[in-house]
Amino acid sequence: MSRNYIYELSGLEDGKRVDIAGWVQDIRKLKNVAFLMVRDNTGIIQATLKLDNETTKHMINELTRESVIKLTGILNKHSPAKGGVEVQTIDLSLLNRSLTPLPLGIADPVEADFDTRFNNRFLDLRKPERLKIFHVESELLWGIRKFLNSEHFVEVHTPKIVAAATEGGADLFGVKYFEKNAYLNQSPQLYKEMLMSAGFDRVFEVGPAFRAEEHNTPRHLNEFTSIDIEMSFSDHNDAMSMLERSVKAGIESVALSNTFRDLDSTEIEVPEIPFPRISYQKCIDYLHKNGVEMEFGVDFSPEQLKIVGEQFKSFYFITEWPSQVRAFYTMPKENNNLVTNSFDLQYRDKEITSGAQRIHEVDMLEKRLKEKGLNPADFEFHLKAFRYGMPPHAGWGLGLERLTMILLDLQNIREVSLFPRDRTRIVP
RNA sequence: GCCCCGAUAGUGUAGUGGCCUAUCAUACGAGCCUGUCGAGCUCGUGACACGGGUCCAAAUCCCGUUCGGGGCGCCA
């Protein structure tokens, strides 16, 4: 089926014969002429249709909004239509008729509720502003992938079905695995580290992470996409540098892309690097200075994070987190065991990435496991990799949805998930 | 898991005990209009989440259920 994409029509010459295909977003029927607003994934254009015979009249009466059509016509670049470009229809064929009324309107001025939108997500996604979100996300990821590739990272795929509670902390979803009980992995952390022992030097993975947490917030999903890296012979500073350059590369890729075509393009601001660093302790000091209570050794509340974030206009790192709030594998700071060589990447009050230098000495790792109330025996498959030559290493995990959300200034993470999995939704 | 709030046509809403035979917009259907562009105009179809209770009378008050929203907590 040869066809012209709608966004390219304005670049073609007047009077040219064109074939377009897409959805009929709106139909305006007058006595002798009808106007169809035809949309494909690149844009929308008006097609005119002379109602000068019974066949055409009948066809127009049969047409419904959101039906799929194909039409051949002559490009008119001197049209009184908005944008000055329209197509004079010569031949119209209905490829698939839509039922009426629609469960949610595409062209209607009334916006549907969240629940209605996600119950009819395939329709909701037909709106150009929704489609745009996923184009941006794709472009962002391509930018990061290309950058990591240029830094000699190998893209890997680790198992999502795992045997044991991997890290403590987050709850896992259980699955039946033949005669055994298994779980959906909450992060590729342990596998990435084993690959450091395996000599991969630098790996990254883009994949789903599952968290069986009963949270109900605009910034959590129970299944989200995590971009994870791990790098050998590196510390937390190397990892932070790699992170800020990855984020910049991703955003640059969005800014330079032609993703938007003729859709409304958003102002994408490429951030300056290096991002500012502020230690956990300095954040507490800042809160105290502003009359807000906060004790050492706990995570920030959303309210506290909002205050901390006021100091920065975009991305910044919070470093040196206390070991109480970090995972067992996080490397303690030399000369100060209360804090760790760890960091979070924040955007104002939102956490996007968590990372750290990892412990590479097995004795220390076992000690930390016990301190966290975990049983080293459960981690034997993992600890083994540390006994035969594990290089020092560091890494991070970045929430793709969260980064996209920030870039587009969206208020709910579900907007950035095609089919979000939250506390109650598993369909569609 | 805790607290707060909500559920009315396909969609989004108004309606705080009788004036509800339920408002408005949009969608949908029929028609009018020689070019619309948030088209316009006329007519029409279409709804009180479910179960129980209070009351002469319930969309409206009470209880429960289901579903949803917001905030918090939980959360490498």
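Residue numbering restarts at 1 for every chain, and letters A, B, ... go by the order of the sequence lines. As the structure is a computational prediction, the values presented were derived from the model and not from experiment.
- When all heavy atoms are compared, the tightest approach of Arg326(A) to Lys372(A) is O-NZ, 2.6 Å.
- A9(B) and A22(B) are spaced 11 Å apart, taking the C1' atom of each and rounding to whole Å.
- A salt bridge links Arg358(A) with Glu230(A): the distance from a Lys NZ or Arg NE/NH1/NH2 to an Asp or Glu carboxylate oxygen falls below 4.0 Å.
- Taking only side-chain atoms of Lys50(A), from C-beta outward, the nucleotide of G35(B), G68(B), G73(B) with the closest atom is G35(B).
- Comparing atom distances between the Asp26(A) side chain and each of G10(B), A39(B), U34(B) picks out A39(B) as nearest.
- Residue Arg28(A) places no side-chain N or O under 4.0 Å from the OP1 or OP2 atom of G35(B).
- Following rounding to the nearest Å, Asp171(A) (CG) and C75(B) (P) show an atom-to-atom distance of 9 Å.
- The phosphate of G10(B) has neither OP1 nor OP2 within less than 4.0 Å of any side-chain N or O from Thr100(A).
- Comparing C75(B), A76(B), C28(B) against the side chain of Tyr329(A) picks out A76(B) as the nearest.
- Between G12(B), G68(B), A27(B), one nucleotide has an atom nearer to the side chain of Thr116(A) than all others, and that is G12(B).
- Between Asn32(A) atom CG and U36(B) atom C1' the separation is 13 Å, expressed in whole Å.
- Summarising the geometry, the separation between CZ on Arg219(A) and C1' on A76(B) is reported as 16 Å, rounded to the nearest angstrom.
- The separation of G17(B) from U13(B), taken at their C1' atoms, amounts to 22 Å, rounded to a whole angstrom.
- For the residue pair Asn61(A) / Lys29(A), a side-chain donor-acceptor distance below 3.5 Å is found, with atom types taken as modelled.
- Ring planes of His382(A) and Phe386(A): perpendicular class, angle over 60° (limits at 30 and 60°).
- Note on Arg425(A) versus Asp115(A): salt bridge recorded, some NZ/NE/NH1/NH2 to OD/OE distance being below 4.0 Å.
- The residue Asp115(A) sits close only to the backbone: its heavy atoms come under 4.0 Å of sugar-phosphate atoms, none of a base.
- In summary, Asp14(A) and Lys77(A) do not engage in a salt bridge, as defined by a charged side-chain N under 4.0 Å from a carboxylate O.
- Look at Asn412(A) and you'll find a side-chain N or O under 4.0 angstrom from OP1 or OP2 of G70(B).
- Nucleotides C63(B) and C4(B) place their P atoms 12 Å apart, quoted to the nearest Å.
- Each of C75(B), G73(B), U36(B) was ranked by its minimum atom distance to the side chain of Glu214(A); first place goes to G73(B).
- Taking the P atoms as reference points, G53(B) lies 12 Å from A58(B), given to the whole Å.
- The separation between His393(A) atom NE2 and A76(B) atom P is 18 Å, rounded to whole Å.
- Glu111(A) contributes no side-chain N or O that forms a donor-acceptor pair with the base of U11(B) under 3.5 Å.
- Side-chain atoms of Gln411(A) stay outside donor-acceptor range of the base of G70(B), with no qualifying N/O pair under 3.5 Å.
- Comparing the C1' positions of U65(B) and A76(B) gives a spacing of 39 Å, expressed to the nearest Å.
- Of the candidate nucleotides C37(B), G71(B), U13(B), G71(B) has the atom nearest to the side chain of Pro218(A).
- Rounded to whole Å, the distance from NZ on Lys31(A) to P on G31(B) is 13 Å.
- Distance from the side chain of Glu213(A) is smallest for C75(B) among the nucleotides A39(B), U26(B), C75(B).
- Comparing Arg425(A) and Arg117(A), the nucleotide of RNA chain B nearest to each residue sits closer to the 5' end for Arg117(A).
- Between Thr64(A) and C28(B) there is no side-chain polar atom (N or O) within less than 4.0 angstrom of OP1 or OP2.
- Contact of His215(A) with C75(B) (side chain to base): no donor-acceptor pair of N or O atoms is detected under 3.5 Å.
- With rounding to whole Å, Arg423(A) atom CZ is found 15 Å from G69(B) atom C1'.
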